[in-house]
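When reading the values below, keep in mind they use all heavy atoms of this one structure, side chains included, and skip hydrogens, waters and symmetry mates.
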Amino acid sequence: MTTPSFPLLKLPFLMHSLVIKLMTVNEQLYLSLIFKNAKKLVQCAPQQVTFLELHFQHKKIEAASDGMDHILFGGLESDVPSSVTTGEMVLSKHGYEMKDWVCHLTDVLKCKEIRLFFEYGSHLYPLNSLGHLLQGLTIIRITIQDTTDHYSRRILQMFPDARELLVFKNPMEQWDDQTHNTVLSRHLDFFRFGEEYKIGMDRLLRMNNCKVIEMCGCSKISVNDLNGFVKTWITRTTNQNLEILALVLAKNRVGNNYQNGILAGTPHSIIPRANHKMLTMPYASALWEDVPRIVGQYEVQRVDGKNATIQFDEVGGVARFKFVVGQ
């Protein structure tokens, strides 16, 4: 017994829209590949995703977003993937090269701003192919994780205008001074880095063009360093564009009296617990989603009158220093 077909294209346009709205993003993508008119129908549906991220791995690329199952492009011995799968569905389009797939995804998802994620093995993907693949697209975020020193430096050079930079498990300590200076002087909306990058306060103080800085994992920055940071921010001698700084401190290293040490000698006021602010982070972050215990909130004021809130919160054996301007 055969399954009866559904005459979607014979329905009025309004019914098309209603049916497509009920589909998942992956089902819409599958439909858009059948023929040209189907793609146009899907493009008329409301946008369901807020970003498109391409993950570069060893001989494969993965497309991810907040509203769909991952799409895996496998067998990238050439520019034509040997397999394209998402969940239990196999996507196919005769003659499509990787560039065609990326163009199709950005068209259907109505998303021209792209995030790039370079994982282990990504250095095997040739940079000249990468430039062709991403031509005409706006790269807003670069994530570098566990790739080679040389490749990571080339990536930074290729995308100097990306406003969000995330770096983990990467040989950043092998970078030369020029590469460090390039990163520290970039105009960034968001910079997140792992504990492998033993960034010192001297480097943080040089990031005058970065809005949000977050370190995942325990920082080696000392209580005295943070005390110096607060003082220099108050005098407006550094980090003038900073909106948020979040760091993790190991309590067995900084001691139980760390908050007094960080605030020592700085003019500040205590925010009563009943008046504690609900501080917000514009980017998804585990440091902000799970806050079991707030030790205290304090307010400091810069010489130009701008206020910042300092929050100390703790979970397990770590303390978190959060410096938030203007909230």
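Taking CG from Leu130 and OH from Tyr125, the interatomic distance works out to 6.5 Å, rounded to the nearest 0.5 Å. The NZ atom of Lys39 lies 12.5 Å from the CG atom of Leu41; values are rounded to the nearest 0.5 Å. Rounding to the nearest 0.5 Å places CD1 of Ile139 at 12.0 Å from CD of Glu164. Put simply, CZ on Arg186 and CZ on Phe159 are 10.0 Å apart, with the number rounded to the nearest 0.5 Å. Atom CD1 of residue Ile140 and atom CZ of residue Arg115 lie 5.5 Å apart, to the nearest 0.5 angstrom. For the atom pair Cys103 SG and Glu97 CD, the distance stands at 10.5 Å (nearest 0.5 Å).
No more than 12 heavy atoms of other residues, nucleotides or ligands shown are found within 6.0 angstrom of CG on Asn256. Residue-environment remark: CG (Leu127) exceeds the threshold of 12 foreign heavy atoms within 6.0 Å. The neighbour count for Arg154 CZ, taken as heavy atoms of other residues, nucleotides or ligands under 6.0 Å away, does not exceed 12.
Side-chain atoms of Tyr151 come within 3.5 Å of backbone atoms of Ser122 as a donor-acceptor pair (strictly under, hydrogens ignored). Side-chain N or O atoms of Thr232 include none that pairs as donor or acceptor with a backbone N or O of Thr238 at under 3.5 Å. Between the side chain of Asn239 and the backbone N or O of Leu204, at least one donor-acceptor pair lies under 3.5 Å. For the pair Ser65 (side chain) and Met68 (backbone), a donor-acceptor distance under 3.5 Å is absent. Gln327 contributes no side-chain N or O that, together with a main-chain N or O of Val324, makes up a donor-acceptor pair within less than 3.5 Å. Proximity of a side-chain donor or acceptor of Thr237 to a complementary backbone N or O of Trp233 within less than 3.5 Å is not detected. A donor-acceptor distance shorter than 3.5 angstrom exists from the side chain of Asn208 to the backbone of Gln240, with no hydrogens or angles considered. Asn307 places no side-chain N or O within donor-acceptor distance of the main-chain N or O of Gly326, the cut-off being under 3.5 Å. Here the side chain of Lys211 pairs no donor or acceptor atom with the backbone of Ile244 at under 3.5 angstrom. At distances below 3.5 Å, at least one donor-acceptor pair connects side-chain atoms of Lys99 with backbone N or O atoms of His132.
Tyr258 has its ring centre less than 6.0 Å from the ring centre of Phe312. Taking the six-membered ring for Trp and the full ring otherwise, the centers of Tyr283 and Trp288 sit at least 6.0 Å from each other.
The shortest heavy-atom contact between Lys110 and Val42 is NZ-O, 4.0 Å. Of all non-hydrogen atoms in Asp107 and Lys112, the two that sit nearest each other are OD1-NZ, 2.9 Å. The two atoms that bring Pro267 and Val300 nearest to each other are O-CG1, 3.7 Å, heavy atoms only. Nearest heavy-atom pair across Leu54 and Ala63 is CD2-CB, 4.0 Å. Here the shortest heavy-atom pairing between Ser185 and Asn209 reads O-ND2, 3.3 Å. Between Ile262 and Val223 the shortest heavy-atom distance is N-CG1, 3.6 Å.
Contact check for Ile310 versus Leu263: side-chain heavy atoms found under the 4.5 Å cut-off. Taking the side chain as every heavy atom from C-beta outward, Leu52 and Val49 never approach each other to under 4.5 Å. Contact check for Val318 versus Lys251: no side-chain heavy atoms found under the 4.5 Å cut-off. Looking at Met281 and Val212, their side chains come closer than 4.5 Å, going by heavy atoms from C-beta outward. Contact check for Val315 versus Pro292: side-chain heavy atoms found under the 4.5 Å cut-off. Considering only heavy atoms from C-beta on, Cys216 comes within 4.5 Å of Phe168 through its side chain.
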Original post:
Can you list the steps and then say if Thr85 with Ile71 is a side chain to side chain contact (heavy atoms under 4.5 Å, CB included)?
Top reply: CA-CA 6 Å; Thr85 56; Ile71 301 173; over 6 Å; no

**OP:** Before giving the answer on side chain to side chain contact (heavy atoms under 4.5 Å, CB included), spell out for Leu165 and Phe190 the whole-Å C-alpha distance, their side-chain angles and the decisive distance to 0.1 Å.
**Re:** CA-CA 6 Å; Leu165 177 61; Phe190 183 38; over 6 Å; no

Original post:
What do the steps show when you test Leu226 against Met201 for side chain to side chain contact (heavy atoms under 4.5 Å, CB included), and what is the final call?
Top reply: CA-CA 8 Å; Leu226 288 175; Met201 184 52 67; 3.8 Å; yes

Subject >> Steps toward side chain to side chain contact (heavy atoms under 4.5 Å, CB included) verdict (Asn26, Met89) >> reply: CA-CA 9 Å; Asn26 296 79; Met89 291 189 291; 3.6 Å; yes

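In the hydrophobic cluster analysis, where Ile, Leu, Val, Met, Phe, Trp and Tyr join through side-chain heavy atoms closer than 4.5 angstrom, Met98 is grouped together with Val84. The same ILVMFWY cluster, assembled from side-chain heavy atoms under 4.5 Å apart, contains both Met23 and Leu29. One hydrophobic cluster, built from ILVMFWY side chains closer than 4.5 Å, cannot hold both Leu72 and Val102; they sit in different ones. When the side chains of ILVMFWY residues are joined at heavy-atom separations under 4.5 Å, either directly or via intervening members, Phe117 and Ile142 end up in two distinct hydrophobic clusters. Under the 4.5 Å side-chain heavy-atom criterion for ILVMFWY residues, a single connected hydrophobic cluster contains both Val183 and Met158.
With Ile294 as the fixed residue, the side chain to side chain contact (heavy atoms under 4.5 Å, CB included) test singles out one of Gln311, Arg320, Lys322, Glu314: Gln311. Screening Arg192, Glu214, Met215 for a side chain to side chain contact (heavy atoms under 4.5 Å, CB included) with Leu287, the sole residue that qualifies is Glu214. For the ring pair (Phe, Tyr, Trp, His ring centres under 6.0 Å) criterion with Phe56, the lone passing option out of Phe118, Phe73, Tyr120 is Phe118.
Thr86 and His70 form no side-chain donor-acceptor contact under 3.5 Å, judged by distance and modelled atom types alone. Remark: the His55 side chain and the Glu119 side chain contain an N/O donor-acceptor pair separated by less than 3.5 Å. Side chain to side chain, Asn224 and Asn227 fail the donor-acceptor criterion of an N or O pair below 3.5 Å. Lys277 and Thr309 form a side-chain donor-acceptor contact under 3.5 Å, judged by distance and modelled atom types alone.
Asp304 has no carboxylate O lying under 4.0 Å from a charged side-chain N of Lys306, or vice versa, which leaves the two without a salt bridge.
In this structure, His104 and Trp101 have perpendicular ring planes: the angle between them is above 60°, well past the 30° mark.
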